[in-house]
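Working notes, structure below.
Here, residue 1 is the first one in the sequence, and each next residue gets the next number.
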Amino acid sequence: MGSFLSSFLGGSTALDSSSSSSSSSESSRVMSFHSTARWQLHFNSCKESSQLKMVVDFAASWCGPCKLMEPAVHDMATKFTDVEFAKIDVDELSDVAQEFSVQAMPTFVLVKNGKEVDRVVGAKKDELEKKIQKHRG
């Protein structure tokens with residue numbers, strides 16, 4: 001039942017864990033999406049909040065700076081429990097990356113009310129954390 005619910009909500013299941021980092025996907029608050037339809041369903045459900053609702057991490061499996069940022073993103077997801085963290089692999093969901101005009105990795109898009117309010121391009125941990133803080137309220 002847990003994996004069904006996780007699958008329905010778009011999170012990683014045991015089947016996707018082979019592509020996960022060394023940290024356990026069960027303890028992570030970062031949801032990975034592997035289908036455009038599941039991403040759209042989740043994104044549309046998050047549009048009605050006036051607070052910073054989501055940080056979308058656009059990354060690629062071959063991207064060194066993306067891998068360097070992964071532990072920091074997981075730490076921020078644990079720290080900012082009122083904000084959702086989503087991860088999109090630009091090679092898997094290139095249409096979603098194109099929709100957000102992603103041109104470099106990693107790109108972090110901060111979303112409020114279903115609209116982009118800010119972004120950080122590159123492995124800039126401190127800048128990302130400051131922008132999350134700024135837009136949470």
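- Relative ring orientation between Phe33 and Trp39 is described as perpendicular, the plane-to-plane angle rising above 60° on a 0-90° scale split at 30° and 60°.
- A donor-acceptor contact shorter than 3.5 Å is absent between the side chain of Lys53 and the backbone of Asn113.
- If you chain together hydrophobic residues whose side chains sit under 4.5 Å apart, Val121 and Val117 never meet in one group.
- Nearest approach of Asp91 to Ala60, heavy atoms of both residues: OD2-CB, 4.0 Å.
- Between Met69 and Leu128, the closest side-chain pair of non-hydrogen atoms falls below 4.5 Å.
- Rounding to the nearest 0.5 angstrom, the gap separating the OG1 atom in Thr107 from the CZ atom in Arg119 is 6.0 Å.
- No salt bridge links Lys125 with Glu129; every basic N to acidic carboxylate O contact stays at or beyond 4.0 Å.
- Checked by atom type and distance alone, the side chain of Lys131 never pairs as donor or acceptor with a backbone atom of Val120 at under 3.5 Å.
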Extract all donor-acceptor atom pairs below 3.5 Å that involve side chains of residues 93-106 and protein atoms in other chains or at least two apart in sequence.
{"unit_1": "Asp95", "atom_1": "OD1", "unit_2": "Thr36", "atom_2": "OG1", "d": "3.1"}
{"unit_1": "Asp95", "atom_1": "OD2", "unit_2": "Thr36", "atom_2": "OG1", "d": "3.0"}
{"unit_1": "Glu99", "atom_1": "OE1", "unit_2": "Gln40", "atom_2": "NE2", "d": "3.2"}

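- Across Lys87 and Ala59, no two heavy atoms sit closer than the pair CE-CB, 4.0 Å.
- Here the side chains of Val30 and Asp57 are not in contact, with every heavy-atom distance at 4.5 Å or above.
- Note that OG1 of Thr78 and CZ of Arg29 are 7.0 Å apart. Values are rounded to the nearest 0.5 Å.
- In this structure, Phe85 CZ and Met31 CE are separated by 12.0 Å, a value rounded to the nearest 0.5 Å.
- Here the CD-OG distance, from Glu92 to Ser35, works out to 10.0 Å after rounding to the nearest 0.5 Å.
- Between Phe108 and Ile132, the closest side-chain pair of non-hydrogen atoms is not below 4.5 Å.
- Note: Ile88 CD1 to His34 NE2 = 9.0 Å, rounded to the nearest 0.5 Å.
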